[in-house]
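This report refers to the structure that appears directly beneath it.
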Amino acid sequence: MTTDNDVQVSVLGLGAMGSALAGALVKAGYSTTVWNRTSGKADDLVAQGGRSAATARDAVRAGQLVIACLLDHASVHEVLDPLSGDLAGRTLINVTTTTPEQSRNMAAWAADAGVAYLDGGIMAVPHMIGRPGASVLYSGSADVFQRYTSLLELWGTSTYFGADAGLASLYDLALLAGMYVMFAGFLHGAAMVAPAGVTAGEFAAMAAPWLTAMTGGFEGFAAVIDGGDYTVEGQQSLEFSSLDHLVAATAEQGISTEVVAMVQGLIQRQIDAGHGAEGFARIIESIKQPV
Ligand code: NDP
């Protein structure tokens, strides 16, 4: 597959993220047409060299490659369903956040319409686009990913996961799940020390290097899980990590035990099932089996 640096690109959706993506394309010299439901959001991009389309149909017709960065799955259908005939024969890269099933639904819709389809999940906030640290995950058409890799790299590091259009979204949301639970853990710790007069800032200064160091444990947990043997020697046992002290100290501080009780519940289910002497990674078995 050849690469294509002279492609006419259209961006649908000029919210915070769509504007950042379109801005990177305009700055790199791509011929870029933009459209937004509410007018007035294209002015800066036009001043930088982009073109504004009056309607989504005009934008689609102007671009061989169409980027959708709208609010959600429903808004993508709302904008694109009436335009399937115009999109036929073109390429659609949809970086709107959706669930994996919604991504697969969009891929099937695109296949029916004769549209080459790549789904994307953006692991960055708008001001990170085009800067170190930004990452975008893709799945769907391998041909589209290969053809437009140099364009996609303008936004951030691009990773392709395979032909199943739902995979990028699945990774995206799994990574966000890890992030939100970690954030809740940090905030729990901050709430714990607050009654002792410790500011959140003072706690953050201690928590950031600690949690960063603890991510070194992921690889060991992964090796145990992938090896399928939770009895491997050298691990901290579930009984040792029962979190009794942690939950008791939380209650002593007069704050909610919800965050730590959630982890304790996952541990307890494995202890109750007779696996108390096995390693901490075993709580993945509690997570895999909803109660
Ligand atoms: P914004 O809320 O800033 O913008 C939403 C965009 O969607 C606007 O252009 C809005 O148009 C448009 N829109 C909403 N509903 C409709 C509709 N029914 N028909 C047509 N257009 C519609 O969101 P962002 O730009 O921040 O996010 C866009 C996507 O990027 C989302 O899926 C988000 O999850 C994802 N993303 C965003 C990140 C971020 O940090 N911002 C990070 C990672 C992913 P209008 O201006 O007319 O309202």
Side-chain angles (χ1 to χ4, degrees), residues 9-26 32-46 48 50-63 65-84 86-87 92-107 109-110 117-140 151-159 161 165-180 182-183:
V9 195
S10 291
V11 178
L12 307 178
L14 298 177
M17 186 55 84
S19 295
L21 301 179
L25 300 179
V26 171
T32 308
T33 300
V34 295
W35 170 82
N36 194 63
R37 176 181 62 176
T38 308
S39 59
K41 290 196 179 173
D43 297 351
D44 285 351
L45 289 162
V46 169
Q48 290 162 42
R51 275 187 290 270
S52 176
T55 66
R57 190 181 305 278
D58 290 346
V60 166
R61 287 180 175 170
L65 170 61
V66 177
I67 314 288
C69 186
L70 298 165
L71 184 65
D72 57 12
H73 183 63
S75 57
V76 175
H77 270 302
E78 193 178 322
V79 172
L80 295 185
D81 282 359
L83 305 180
S84 58
D86 299 279
L87 266 173
L92 173 63
I93 301 180
N94 180 22
V95 292
T96 306
T97 303
T98 59
T99 69
E101 275 310 305
Q102 290 171 338
S103 299
R104 292 179 189 118
N105 164 283
M106 210 53 222
W109 178 94
Y117 185 76
L118 187 67
D119 202 272
I122 302 172
M123 307 303 297
V125 291
H127 78 263
M128 290 170 67
I129 294 300
R131 296 174 191 269
S135 157
V136 188
L137 316 180
Y138 296 98
S139 58
L151 180 152
L152 302 176
E153 287 285 332
L154 291 172
W155 296 335
T157 304
S158 312
T159 309
F161 290 98
L167 281 175
S169 161
L170 184 62
Y171 266 93
D172 178 350
L173 297 175
L175 289 166
L176 288 178
M179 181 192 80
Y180 276 111
M182 179 192 71
F183 283 169

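All values reported here derive from a predicted model rather than from experimental measurement. Whatever order the structure lists ligands and atoms in, that order sets their numbers, starting from 1.
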Have a look at ligand 1 and work out which part of [X], if any, has a heavy atom under 4.0 Å from it: side chain, backbone, both or neither.
X	value
Met123	neither
Leu14	backbone
Asn36	side chain
Ala124	backbone

Give the atoms of ligand 1, by number and element, whose distance to some non-hydrogen atom of [X] is under 4.0 Å.
X	answer
Gly13	9 (O)
Ser75	15 (N), 16 (C), 17 (C), 18 (N)
Glu78	18 (N)
Thr96	32 (O)
Val125	40 (O)

Report yes if the side chains of [X] and [Y] come closer than 4.5 Å at any heavy-atom pair, otherwise no.
X	Y	result
Pro100	Leu173	yes
Val136	Leu152	no
Thr32	Val34	yes
Thr96	His73	no
Leu151	Leu65	yes
Val66	Leu87	yes
Met179	Leu175	no
Asp72	Thr98	no

Quick one: look up the protein heavy atom nearest [atom] and list residue, atom name and how far away it is.
atom	result
atom 46 (O) of ligand 1	Lys41 NZ, 2.6 Å
atom 39 (C) of ligand 1	Pro126 CD, 3.6 Å
atom 1 (P) of ligand 1	Gly15 CA, 4.0 Å
atom 17 (C) of ligand 1	Arg37 NH1, 3.2 Å
atom 34 (O) of ligand 1	Thr97 OG1, 2.6 Å
atom 20 (C) of ligand 1	Val79 CG2, 3.4 Å
atom 43 (C) of ligand 1	Ile122 O, 3.3 Å
atom 30 (O) of ligand 1	Cys69 SG, 3.7 Å

Looking only at heavy atoms of Gly121, does any of them come nearer than 4.0 Å to an atom of ligand 1?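 So Gly121 does not count as touching ligand 1.
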Does any N or O in the side chain of [X] come within less than 3.5 Å of the main-chain N or O of [Y], such that one atom is a donor and the other an acceptor?
X	Y	value
Glu153	Ser158	yes
Asn36	Leu14	yes
Ser103	Thr99	yes
Trp155	Leu21	yes

Geometry only, no angles: is [X] polar-contacting ligand 1 at N/O separations under 3.5 Å?
X	answer
Met17	yes
Leu71	yes
Leu70	yes
Trp35	no
Ala16	yes
Thr38	yes

Side-chain donor-acceptor pair under 3.5 Å between Thr55 and Asp58, yes or no?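 Yes, Asp58 and Thr55 have a side-chain donor paired with an acceptor closer than 3.5 Å.
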Atom CZ in Arg104, atom OG in Ser139: separation rounded to 0.5 Å?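 Here the rounded value is 8.0 Å.
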Please report whether atom 23 (O) of ligand 1 has a protein non-hydrogen atom at a separation of less than 4.0 Å.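 Looking at atom 23 (O) of ligand 1, one finds that no protein heavy atom lies closer than 4.0 Å.
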Ring centroids only, cut at 6.0 angstrom: are Phe161 and Tyr138 within range, meaning strictly under it?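 Not under 6.0 Å, so no.
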